[in-house]
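The first residue of the sequence shown is numbered 1, and numbering continues consecutively from there.
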Amino acid sequence: MESVTLLISVLAALLVVSLRPIYGLAIYIFLLFGWSQRLTVPLGPLDFTSGRIVILVLMARVLLSSEVRSQFTWRAMDGWVLIGWLGVVAALSQTTPPEIFLVREAGTLVDSLLPYFAVRLLLRSRQDLFVMIKALVWIGLPLALLGAFQSFTGRNLVGFMQLYDRLPEMRKGFYRANVIIDNSIAFGLFFAAVLPLALGLWHQRVWPRTWLMLTMGVLAMGLMASMSSAPYFALALMMGFLACYPLRRYWPVLLVAMVGFYLFVEIFSNRHAYHVLTRFAFNQATASYRIGLVEEALGGGMSGHWFSGYGYVGIGSDLVYPNFNWEHQDFVNIYVGRLARYGLLGLVPFLVINVLFYRSLVQGWRLARDVADRWLVWCLSGALVGWNTAFMTVGALSQIEPMLFMLIAATGSLPMLLASGEERTVLLVVVRPAAEPSPEMSNPVAGMS
């Protein structure tokens with residue numbers, strides 16, 4: 001499949017060069033989720049996926065455009081995203097041979113930094129943001145239908161694009177769909193973010209509401225087909241967050257109520273409150289494992305390695321780190337995973353980025369001029385609240401990592417988009433005074449003569 005992957009990548013790159021840059025971003029999204037990123041083209045020491053080839057072409061075109069560069073405003077979040085990547089490189093330089101981590105982090109550069117800065121450079125209007133959301137929705141619709149079919153039958157109609165197409169695991173009588181994404185958890189997380197983004201277009205009048213309702217139903221079907229706890233948990237939190245929209249003015253009261261409820265469970269339960277939440281998981285064993293991972297990391301597991309971590313440790317690592325002897329080696333928590341691998345050098349910038357994109361969402365909310373913009377900001381916030389919580393039980397797997405950085409970049413551009421003087425299309429109904437009737441019209445008989 002190498003030749004096919006190369007051909008598709010070249011055709012997509014030609015489209016990126018010939019279309020407007022924002023549509024080049026849409027092409028990248030289509031290819032990222034529409035073609036297996038397990039299929040690569042080896043170029044020297046690096047293996048290039050179709051997505052990596054296209055994002056390199058897109059960034060080259062964007063950076064060569066003086067018009068795009070001149071309209072870009074550097075923000076603190078941009079600096080922290082760059083610092084985060086440099087922190088990871090600095091941490092790995094202390095734990096891993098340079099010839100290994102430089103090659104691997106070059107891939108991370110292409111999968112995280114380039115999608116981030118592509119979105120930051122290209123989102124210059126509301127319409128650009130709508131193009132990005134529409135691209136995610138349009139690729140999500142066939143994925144959802146294919147996922148539903150796979151969940152019911154166990155057959156993957158596009159399994160020929162997977163390196164290992166085997167019968168998926170079953171839960172509650174259904175197969176765990178993944179279609180073209182590496183695993184079912186990432187498949188479900190994709191829809192957990194796209195669904196609220198689609199809902200955010202409700203008041204924007206970019207699609208008929210009947211079509212939008214049908215679209216959200218199909219996307220929800222794709223999420224359910226994953227049969228995974230993390231996407232379900234993200235969906236539940238997102239729905240709860242969106243349900244609080246009418247009560248948004250009372251958010252301090254809601255926050256105090258949530259904290260009070262947690263403290264009540266913590267004090268009066270015979271176990272910690274976070275243990276109680278595991279009752280909502282599909283599998284009690286994996287839920288207990290996630291708790292054990294956090295307790296081991298913070299209970300002495302990072303002793304002597306807080307600053308730069310252990311290196312490329314964890315399940316699937318092909319390197320040997322004799323100092324790493326954790327019982328829990330599957331990092332089903334993005335925050336613990338970054339701490340264990342890169343130490344505080346990698347974790348702290350990531351946490352700062354999380355704080356900054358929430359600050360951008362607050363700024364966007366304050367700049368929103370009408371209910372359409374406020375609802376869009378609220379839905380984007382709901383998507384990230386759901387993801388941030390789900391990441392406590394899973395990492396940013398496969399295509400979710402570049403998508404995460406694209407959504408973070410969208411929040412960084414949001415204040416500028418909402419503060420711009422972009423005109424909306426408004427239908428004006430002008431009522432003119434009725435003209436005086438002519439003699440013929442006032443006398444029908446005369447008019448017929």
I'd like a table of donor-acceptor pairs (distance under 3.5 Å, sequence neighbours excluded) in which one partner is a side-chain atom from residues 17-32, with atom names and distances.
residue : atom : partner : partner atom : Å
S18     : OG   : L14     : O            : 3.0
S18     : OG   : L15     : O            : 3.2

My understanding is that only residues two or more places apart in sequence, or in another chain, count here; which of them pass side-chain contact (heavy atoms from CB on, under 4.5 Å) with [X]?
X	result
L145	V218, M221
T215	V137, L141, W211, L219
Q71	E67, R124

Has the side chain of [X] got a donor or acceptor atom that lies under 3.5 Å from a matching backbone atom of [Y]?
X	Y	result
R38	D182	no
R341	Y312	no
T40	P42	no
S226	L223	yes
N156	V179	yes
W207	L201	no
D370	D373	yes
S93	A90	yes

Identify, with sequence neighbours excluded, every residue that meets side-chain hydrogen bond (donor to acceptor under 3.5 Å, both in side chains) alongside [X].
X	value
Q37	T49, S50
R176	E169, S184, S228
T5	W35
Y175	none

Might you point out which heavy atoms bring S398 and I181 nearest each other, and give the distance in Å?
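Minimum heavy-atom contact is OG-CG2, 3.7 Å.
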Run the side-chain donor-acceptor check on residues 382-395: report pairs under 3.5 Å with partners two or more places apart or on a different chain.
residue : atom : partner : partner atom : Å
W387    : NE1  : L189    : O            : 2.9
N388    : OD1  : Y358    : OH           : 2.5
N388    : ND2  : Y335    : OH           : 3.4
N388    : ND2  : N354    : OD1          : 2.8
T389    : OG1  : V385    : O            : 3.0
T393    : OG1  : A390    : O            : 2.8

Sequence neighbours excluded, which residues qualify as ring-ring contact (aromatic ring centres under 6.0 Å, His included) partners of [X]?
X	result
Y245	W375, W378
F33	F190
F357	none

How long is the straight-line distance from [atom2] of [Y] back to [atom1] of [X], given to the nearest 0.5 Å?
X	Y	atom1	atom2	result
F101	R104	CZ	CZ	12.0 Å
L123	M416	CG	CE	7.5 Å
Q204	L129	CD	CG	8.5 Å
S9	R52	OG	CZ	12.0 Å

Please tell me if the side chains of Q363 and L414 come closer than 4.5 Å, counting only heavy atoms from C-beta onward.
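No - every pair of side-chain heavy atoms lies 4.5 Å or more apart.
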Close side-chain approach of L376 and L380, heavy atoms under 4.5 Å:
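In short, these two side chains do not touch, never coming nearer than 4.5 Å.
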With side chain to side chain contact (heavy atoms under 4.5 Å, CB included) as the criterion, how do C379 and L197 come out once you've worked through the C-alpha distance, each side chain's angles and the decisive distance to 0.1 Å?
CA-CA 6 Å; C379 289; L197 292 178; over 6 Å; no
Looking at F149, does the NZ or CZ of R155 lie under 6.0 angstrom from its six-membered ring centre and within 45 degrees of the ring axis?
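Judged by the rule (NZ or CZ under 6.0 Å from the ring centre, within 45° of its axis), R155 is not positioned above F149.
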Any chance [atom1] of [X] has more than 12 other-residue heavy atoms, nucleotides or ligands included, within less than 6.0 Å?
X	atom1	result
M213	CE	no
M216	CE	yes
R248	CZ	yes

Reference residue H328; test side chain to side chain donor-acceptor pair (under 3.5 Å); the match among E295, R290, E296
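So, applying the side chain to side chain donor-acceptor pair (under 3.5 Å) to H328 and each of E295, R290, E296, only E296 qualifies.
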Step by step, work out the ring pair (Phe, Tyr, Trp, His ring centres under 6.0 Å) result for Y310 and F324.
CA-CA 7 Å; Y310 287 93; F324 183 71; 5.0 Å; yes
